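Since the structure comes first, as structure tokens, the remarks are kept for the end.
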Amino acid sequence: MELRSTNQSIFRYIDWTTVIIYAILVLAGVVSIYAASYDFDHANIFSFDEFSGKQIRWIGLSFIIGLILLLIDSRMYETYAYPIYTGLLLLLIVTIFIAPDIKGSRSWLVIGPMSLQPAEFAKFATALALAKLFSSYNFTLKGKPSNLFKSILIIIIPICLILAQKETGSALVYLSLFFVLYREGMSGLILFAALCAITFFVIAVKFSETIILGMPSGEFAVFIMIMVIMIGMIAIYAKQPDLAKNIFLWYAGTGIIVLILSLCSIKIPAIAYFIIVISIACIYSLLVSLRSQINKIIITVIFACASIGFLFSVNYVFQEVLQEHQQNRILVALGIKEDLRGAGYNVNQSKIAIGSGGFIGKGFLNGTQTKLKYVPEQHTDFIFCTIGEEHGFIGSAIILFLFLALILRIISIAERQPSAFGRVYAYCVASYLIFHLVINIGMVIGLCPVIGIPLPFFSYGGSSLWGFTILIFILLRIDAGRRGHITF
Amino acid sequence: MRKDYNLEKRKYIIGGFIILITLIYIVRLFDLQVCDSKYKEYADSNAFLRKTQYPSRGLMYDRNGELVVFNQPAYDVMMIPRDIQAFDTLDLCATLNITREQFDKRIYEMKHSSGYSSYTPQKFITHLSAQDYGRLQEKLYRFPGFFIQKRILRQYNHLAAANVLGNIREVSEKDIENDDYYVSGDYCGDLGVERSYEQYLRGIKGEEILIRDAHGRIQGKYEDGIYDIAPISGKNLTLSLDIELQKYAEQLMVNKIGAVVAIEPETGEILAMVSSPTYDPTILVGRQRGNNYSNLINNKYRPLYDRALKAAYPPGSTFKPGQGLILLQEGIVNLSTPYPCHGGFVSGGLKVGCHGHESPITLKPALRTSCNAYFCWGLKNLIDNRQSKYGSHANAFEVWKNHLVSLGFGYKLGVDLPGESRGFIPNAKFYDKIYGEGRWSANTIISIAIGQGEVLATPLQIANLCTSIANRGWFITPHVVKAIQDTIMPSDLLEKRYPTIEPKYFEEVAEGMRMAVTGGTCRLANLDSIEVCGKTGTAQNPHGRDHSAFMGFAPYRNPKIAVCVYVENAGFGATYGVPIGSLIIEKYLTGKISPDRKHIEQRMLESNTIIYSGVKKH
């Protein structure tokens, strides 16, 4: 009797919206896998010999896992967060040594008929550990560098271990947890700096062919952006409109003079102009900050100097640090290089498959591109091609919106959590989903470099499905738990 | 339980970020899937292999149902450059029996030909032998991007009638431009019936749509083949030729330059059409075609030139029956009008020689003896008659010319073969231009009366004149195709055409031609069993010895065959024209040569007149 009322209350309190979206996505996923691996010779969605049949088995098991997770007391997760985290770190380490080499990566544990990727399960463990850290008494990131260090450490350890397994894509996923740190008080400047770095890098590399005033147009544009950001930061972030105005006039005035001189055939090297003008603006700002004691101006100056330094190192990093296939992937993703047989083949074929779908698609099982294995990894990383080709723009957009709805729902669940533990854990789930969605779909439609990570719920494979199922169902259990303590 | 509302605002940043990215992706998807159509085309070219199914080309039978031209399969090695992946070049070369240099040269030629595209099938090697085909077929999987295209080549049961049958060749860029049907590498008819009946023979191409995967492997038929189009075979043709007669006539013409045309008068169907020297049609089939073709082009006797319908010869005395018809029709002479002939036509210091016979002479004996003077006087009286109904020389000449045109001279007859010549019949303006208006008279142009001078006619036109006489006043446009499978023959090959001369006059001329055989110039054609009618021709020409000509039909009543024989530089019409013509008539009507004429046959088969064609030597 006691048990029965417990179950009833759990099912009354779990967030059904999330469950329904999860169920739709998982079922749409298995249908897509069936379509993607559909062969002319067989047509049985349930056949265990086929990907779709195997995936149905994985789905069945993940429902059971989900149910079990709902039945565990939510406080258990908080209590055992660190042991779980430690256990999975150990598993990751073990994996490095005992996993067989599959396509250069040592990330798969083969257990009887199953192959599992511990990296997928380390996600929920890391999320629990991070949530546990943030729920400790009086924990705050603001003004506590040691706390920030601890949280980054929790994130970095699995990244390093997974990199050691040569699963770069899976390792990068953990970087998404910086969203959580941001939500919990980490300075937005860090995210802003990361965003700027990515933008500068892309622009500098992408537009390195054309030349403006003796320098690559990409670098030229970056210098202009640095100037604009500097003015903007001083005006908005440091709240010094007068200083911003002066610097603006300085930049604009000198810029016009240089332009006029160049029209009169007096060539001033653009790079020299930028460095000199920005340096003078920085020195001037520093003098102002010394007088008015405003640290934010100093941060702005550091930002500007760091940006210039970053820009100069981009070329070095790109040419010397990155390996050729990595350079290629980036170049292809940026649309600079068109290598339809090499690195660009996957992306080009997936664009063809999606593009040929049209507005309403070719219809279920009618996709010629995916059916004929033009798209590599089409039942795993490139599963979205099948949706794009067979269900067109409508189908693709619906799937995207379902993911968006799920993420926004999880954010709203996060914000309604009474405890930091629940909130941080929920944000971790949302962050993983954001990263997977943005990178996977972005790569399939040719907007991001090809980083091999699966599309949650869709890509074939038990580890990814189970990994996300565990993430979501623990979240559901924690969320249900906030309505009062459900006990056994 | 602590809540920092300042930090909670950051959920909008995170939520806004994912909303923004989603919107960017939606826009990108819309652009890819809805705005940009190029991906759809890429997808089709990716996944569909549209394989042309070539129809079987129509067969050709002779008038007796004997198969003359049929098809044999040939195999072209095709490649789609874009689909080529690394392969063992030496292995391919060995399989195809070519050297590495030939391979490189072929690739170079292919890449520099105008129709080259890396996305469409390119012809790599043509006409693979059956063994090479078999070897390649087994290894084909090793050479991704290569495939074999089955083609149809022609094969011949009888090594004859090359000029009539024509052949097939690869289409030229111009052909592709002019006709959407063709794509690079297709074949089309060249010369002869292959050319003129191309539309019927070629059929309609089909298409098979196959799906292939990224490795170029064929996965099967698209939608189980419901979008495939089956090829429709070309129409079979029944030729009017009697292939045995054709072969016999060609044998008789061996070592001679000239032409033979035999027509069934009742239908206008050409029974045999020889242009000599001729060639073996099989040499223009297959990979050696190119070499052989240029050899034929460079051959000094021009075997590709179909003399039967392209060569315009002076008709000589074979023209006289036509003259007789015009003179009778115009009332210049009647059957008893006599003209003098004392060794020739003498008028105003002009003399056209003749040979010994009675004088004066009337029409029928004039045809019998081939009297030059008679026809000169006739033409002179037609043109120069001061009380004439015509008013002027020029008007009278135009009347003469119009009659000849109605008999099929001066313009193309409209035979169903390409390249027919119109011959030449001058009109009054032509002479006005040469001599000045009104400054010429019958004497000026008298040689045309006996088929010399400016008049020129093709052997086909001469045979057609003979047909009109055999029919006593009409002819049907001569043609070599008797029937097209499942198709109604064009009506212009079935309708009778009536010259502007009354049938009764044809009867008289026919009788004159009968007399020429029984007791005149064509006595060698006088067969025991068949009443043959004929007219010799001995045409002077600027190229050396006289051309030997003959036209005749048989039997006298209800004729079944009309023949024209024209042998260049062979001398008197009676020496070559008559024997060859009569042998053809005898062979066609009786199926054999009677023993007492075997020696004539033997002489004709063995004789060589090509040695007299002095000017033909280069």
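In what follows, every heavy atom counts, from backbone to side chain, and hydrogens, waters and symmetry copies are set aside. Throughout, a chain's letter reflects where its sequence line sits, starting with A, and its residues are numbered from 1. Computed from a predicted model, the values in this text were never measured in an experiment.
Within the 4.5 Å cutoff, the side chain of Val183(B) has heavy atoms near those of the Lys205(B) side chain. In this structure the side chain of Phe457(A) reaches within 4.5 angstrom of the side chain of Leu406(A), judged on heavy atoms.
Electrostatic pairing of Arg106(B) and Glu109(B) counts as a salt bridge here, judged by a charged N lying under 4.0 Å from a carboxylate O.
Contact annotation for Ile13(B): only side-chain heavy atoms (C-beta onward) come within less than 4.5 Å of a heavy atom of chain A. Only the side chain of Phe384(A) comes within contact range of chain B, judged by heavy atoms closer than 4.5 Å. Proximity to chain B (any heavy atom under 4.5 Å) is shown, for Leu400(A), by both the backbone and the side chain. Residue Leu191(A): no heavy atom, backbone or side chain, is found under 4.5 Å from chain B. Proximity to chain B involves both the backbone and the side chain of Ile441(A), based on heavy atoms less than 4.5 angstrom apart. Looking at Leu29(B), the atoms closer than 4.5 Å to chain A (heavy atoms on both sides) sit in the backbone and in the side chain alike. Contacts between Ile407(A) and chain B at a heavy-atom distance below 4.5 Å involve the side chain alone, from C-beta outward.
Highest contact tally toward chain B, considering only Ser431(A), Gly358(A), Gly388(A), is held by Gly358(A) [criterion: heavy-atom pairs under 4.5 Å]. For the options Leu433(A), Ile434(A), Leu437(A), heavy-atom pairs under 4.5 Å to chain B are most numerous at Ile434(A). In terms of heavy-atom pairs under 4.5 Å with chain A, the best-connected choice from Ile26(B), Ile21(B), Val34(B) is Ile26(B). Ranked by heavy-atom pairs shorter than 4.5 Å toward chain B, the options Ala397(A), Gly392(A), Gly357(A) are led by Gly392(A).
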Test side-chain contact (heavy atoms from CB on, under 4.5 Å) on Phe403(A) and Ile21(A) and set out the steps. CA-CA 8 Å; Phe403(A) 272 108; Ile21(A) 297 174; over 6 Å; no

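Residues Tyr427(A) and Glu415(A) have side chains that bring a donor and an acceptor to within less than 3.5 angstrom of each other.
When every heavy atom of Cys428(A) is checked against every heavy atom of Ala127(A), the shortest pair comes out as CB-CB, 3.5 Å.
Using a distance-only test at 3.5 Å, with no hydrogens or angles considered, no donor-acceptor pair links the side chain of Arg100(B) to the main chain of Cys93(B).
Atom CD1 of Ile190(A) is surrounded by more than 12 heavy atoms from other residues, nucleotides or ligands within 6.0 Å.
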